[in-house]
Amino acid sequence: MDLIDDSDKPVPLSQRAAAARPMPYLDGLNAAQRAAVEALDGPVLLLAGAGTGKTRALTTRIAHLLMLGKARPGQILAVTFTNKAAREMKDRIARLLGEVVEGMPWLGTFHSISVKILRRHAELIGNGTLHLKPSFTILDTDDQIRLLKQLIAAENLDEKRWPARQLAGLIDGWKNRCLTPPNLPKGDAASFDGWGGRLYAAYQERLLTLNAVDFGDLLMHCVTMFQAHPDVLKSWQDRFRYILVDEYQDTNVAQYMWLRLLAQAHRNICCVGDDDQSIYGWRGAEVGNILRFEKDFPGAQVIRLEQNYRSTPQILAAASGLIATNQGRLGKTLWTDAEPGEKVRLIGHWDSEAEARWIGEEIEAFHGGHRAAIGQVSLNDIAILVRASHQMRAFEDRFMTIGLPYRVIGGPRFYERAEIRDAMAYFRLVVSPADDLAFERIVNTPKRGLGDKALQTIQVVARQNGVSLLDGARIVVEEGHLGGKGLTNLRDFVTGIGRWHADAIDSTVSHVELAERLLDESGYTAMWQNDKSPDAPGRLDNLKELVKALEEFENLQGFLEHVALVMDRDDGEAGEQVSIMTLHAAKGLEFPLVFLPGWEDGLFPNQRAMDESGTKGLEEERRLAYVGITRAERLATISFAGNRRLYGQWQSSMPSRFIDELPADDVEVLTPPGLYGGGYGAAMAFAGASPGDAMYDRAAKADVYNSPGWKRMQARAVERKGPVHRTPVTINASPASSFTVGDRVIHPKFGEGEVMGMAEDTLTIQFEAGFKNIKAAYVQSVGIADDDVPF
DNA sequence: TACCGGGTTGTTTTT
DNA sequence: CAACCCGGTA
């Protein structure tokens, strides 16, 4: 742990000598990258466009610092936003230096580094009477909400009118801006119907009594502590001789203050960012931070990385054309000398299911090597990037049925699952018996016959005696405040926790063994074993995985710490899989083939983003689109669906306005499979309207499609010569020719209908629900056995 | 106290 | 169309 305390020891000879050695890691850098690596002293702003070798520059810079002996690993502060990024940087530095350097103790996320700092000064955080102890726990969102609910209830407020979630959001926002309750502006304090400031203060106090902090506190406490204790600040300033910041465009006010405090003495700070990839404004990130860097650090060197090594010229051009619409950019001109590749592909679909089907087929074709221009592609090289996580479902469903292996990245997280959180609560309580939140979570899990009434009794007794809930429970047991089965069970529970706690302190008992015994003897494992719901086995597996994860840690405390901060699971490499993730999760990643579905106005750009933040919101959405396109190395495919299910209701929408903004020369418009040959009907179907739809009527009557984008779409579709798209490899395709107009057919979802028209392999059918365009393969003549309908 | 059923509610993105 | 929360009942 204390690698850092060697900071004032002299730099070892081996490293000094290194300065004289050749520095092979500098080879192959372009001029700008090299400048970024060698400008070690003083403030540097590195504007690094997508795919320009930003991480390489950053890691090489660190390697250079070490090799020149300018700093020891413990004297370099390197901050990232995600654990993934931190891990990658560590790996790459190790590779550059041939593993000669022990880990970098201060390379990590803002949050993980803040925890390390706070643990050393916990006692400085407080309100005069209460203060933190170094063993403070870190609450996750769930705990936070539960706590706020209690506080809201304590004020006798109706939870319906004052939702805890909303308050949590407000508090988060304040902490992002480093506003403590006393510093809260009047307007903010009056939010939440006037209760905001008061509840915030109550919440902060409650956290202190619980010896707990939430995520926002990690940053805010650091900053306030630095401000209140210049001597402490000084010691950290002295320690960190060089500061590097990744993804600087995503820093919020609190992080900005944090950095400025630490950097202001020596000003050896290097911030790397790309204003065009700022996509976290909604959680408080301030693009302004990057825009005003030069003002904050006068004399800063600004270095631009503009040569892109990732994507084809077409992909780059499409992305650049799109982002050019944004105002107020710092401005970069990305270029590449890569060979021309494929144009960005654009395709519209009838609905989200058709979109998922088509993408599934495309992926199979690429994977099978059936695309000459691209060649055979591993599934690992393919990603589907969506705007909102609910879009993932259509793909999961589809891929499940066709047996296409996929992995969801950043989906429901491992550590957020109920069984894991329960188990963790057991660990927490055993490690720190005063953890009341953990106690509340698990006293009655598994069921011990301890309901609201019992819990209330315990709370009252605990409060009267000024002790933790666990101790309160102990008193309740001793004094027999409770009757019957509940009492016996509570006694067992309390003595059990006591016993396990003793084991946790006893260093001769392995923590892994303790964890296993804990889950067994408490009856928690049994609870799931007796559960006959379909997901119970999976939960047991998760518990096993959890225990296995314990092995990599010294003790339970260490593990709990890790989990609180590293909420991501390192997904096991399980063969070839297509990746599905949100655009946000995709930042920093790259894939040869990228699918970008759901480009519809309202979904992307997201309606709420526009409603809440207007032009700013729209521009952030556009940056998100930019991030999406620039993830692709060889081929990007954008798609939209005319109809999508929202809240269980089908809803039609227009193609995204971003589609209009793509430079036409770099885009190839594909005709969706199975539509009419062309003309009016095709155009309608292309936009997702069909006879009977309100949209269709509107279009027929007026000029709904008079938007520039729509016109261009039509123009492009007509320009195209012949079908660009191959016939999809539909299973069991029954030719449309086997039907005639007037046939009665049956569809698995829409039921029975009548064929009203046909084109190629698509039928227009009148169902009860209205007219639909359906591929012939998906319907059956009425009366025919439906055993080969591909559903 | 536990369980069941109905009504309500919500979906942007996350350390 | 979920999932979740609440209230009523066994």
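Order of the sequence lines fixes the chain letters, A, B, ..., with proteins taken first and strands second; residue numbering starts at 1 for each chain.
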Enumerate the protein-to-nucleotides 7-11 of chain B contacts in which both atoms are nitrogen or oxygen and the separation is below 3.5 Å.
residue: B:dT11; atom: O2; partner: A:H390; partner atom: ND1; Å: 3.3

Identify, with sequence neighbours excluded, every residue that meets side-chain hydrogen bond (donor to acceptor under 3.5 Å, both in side chains) alongside [X].
| X | value |
| --- | --- |
| A:T251 | A:N289 |
| A:T59 | none |
| A:E88 | A:R92 |

All salt bridge (Lys or Arg N to Asp or Glu O under 4.0 Å) counterparts of A:R283, not counting sequence neighbours =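 Partners of A:R283 by the salt bridge (Lys or Arg N to Asp or Glu O under 4.0 Å) criterion come out as none, since no residue qualifies.
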request  = Sequence neighbours left out, what passes salt bridge (Lys or Arg N to Asp or Glu O under 4.0 Å) with A:R539? Give chain and number order.
outcome  =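 Checked A:R539 against salt bridge (Lys or Arg N to Asp or Glu O under 4.0 Å); matches are A:E419, A:D535.
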In whole Å, I'd like the distance from the [atom1] atom of [X] to the [atom2] atom of [N].
| X | N | atom1 | atom2 | value |
| --- | --- | --- | --- | --- |
| A:E620 | B:dT14 | CD | P | 12 Å |
| A:R177 | B:dT15 | CZ | P | 22 Å |
| A:L624 | B:dT14 | CG | C1' | 13 Å |
| A:M392 | B:dT13 | CE | C1' | 10 Å |
| A:L603 | B:dT13 | CG | P | 11 Å |
| A:Q277 | B:dT14 | CD | P | 16 Å |
| A:Q144 | B:dT15 | CD | C1' | 12 Å |
| A:K587 | B:dT15 | NZ | P | 11 Å |

query = A:E247 near the nucleic acid: base, sugar-phosphate alone, or nothing, with a heavy-atom cut-off under 4.0 Å?
reply = nothing
query = Which part of the nucleic acid, if any, lies within reach of A:R393 when heavy atoms closer than 4.0 Å are counted: base, sugar-phosphate only, or nothing?
reply =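 It contacts sugar-phosphate atoms only.
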ask   = Is A:F81 stacked on the base of B:dT15, meaning ring centres closer than 5.5 Å and planes within 30 degrees of each other?
value = no
key: B:dT14 base stacked by A:Y280 (centroids within less than 5.5 Å, tilt under 30°)   =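 No; centroid distance or tilt outside limits.
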query = First and last nucleotide of DNA chain C touching chain A, 5' to 3', heavy-atom cut-off 4.0 Å?
reply = C:dC1 to C:dA2
inquiry  = Measuring from atom CG of A:N606 to atom OG of A:S656, what distance do you get when rounded to the nearest 0.5 angstrom?
reply    = 11.0 Å
ask   = Out of curiosity, A:W258 CH2 to A:T224 OG1, how far, rounded to the nearest 0.5 Å?
value =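 Reported to 0.5 Å precision, the distance equals 13.5 Å.
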Dump the pairs, protein N or O against N or O of nucleotides 2-6 of chain B, anything under 3.5 Å, distances to one decimal.
residue: B:dA2; atom: OP1; partner: A:G449; partner atom: N; Å: 3.2
residue: B:dA2; atom: OP2; partner: A:N444; partner atom: ND2; Å: 3.4

query = Which sits closer to the 5' end of DNA chain B, A:D172 or A:D452, going by the nucleotide each is nearest to?
reply =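 Nearest-nucleotide comparison on DNA chain B picks A:D452.
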task = Hey, which sits more toward the 5' end of DNA chain B by its nearest nucleotide, A:T141 or A:A454?
result = A:A454
task = May I ask you to test the A:I138-A:D214 pair for a side-chain heavy-atom distance under 4.5 Å?
result =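 SC-SC contact between A:I138 and A:D214 ruled out.
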List the residues meeting ring pair (Phe, Tyr, Trp, His ring centres under 6.0 Å) with [X], not counting sequence neighbours, and say none if there are none.
| X | answer |
| --- | --- |
| A:F81 | A:F110 |
| A:F658 | A:F604 |
| A:Y200 | A:W174 |
| A:H584 | A:Y280, A:W282 |

inquiry  = Suppose you measure atom C1' in B:dT11 against the same atom in C:dC6; what distance do you get, rounded to whole Å?
reply    =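 These two C1' atoms come out 22 Å apart once rounded.
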inquiry  = I want to verify a distance call: between B:dT15, B:dT1, B:dT13, whose nearest atom is closest to the A:T582 side chain?
reply    =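 The closest nucleotide is B:dT13.
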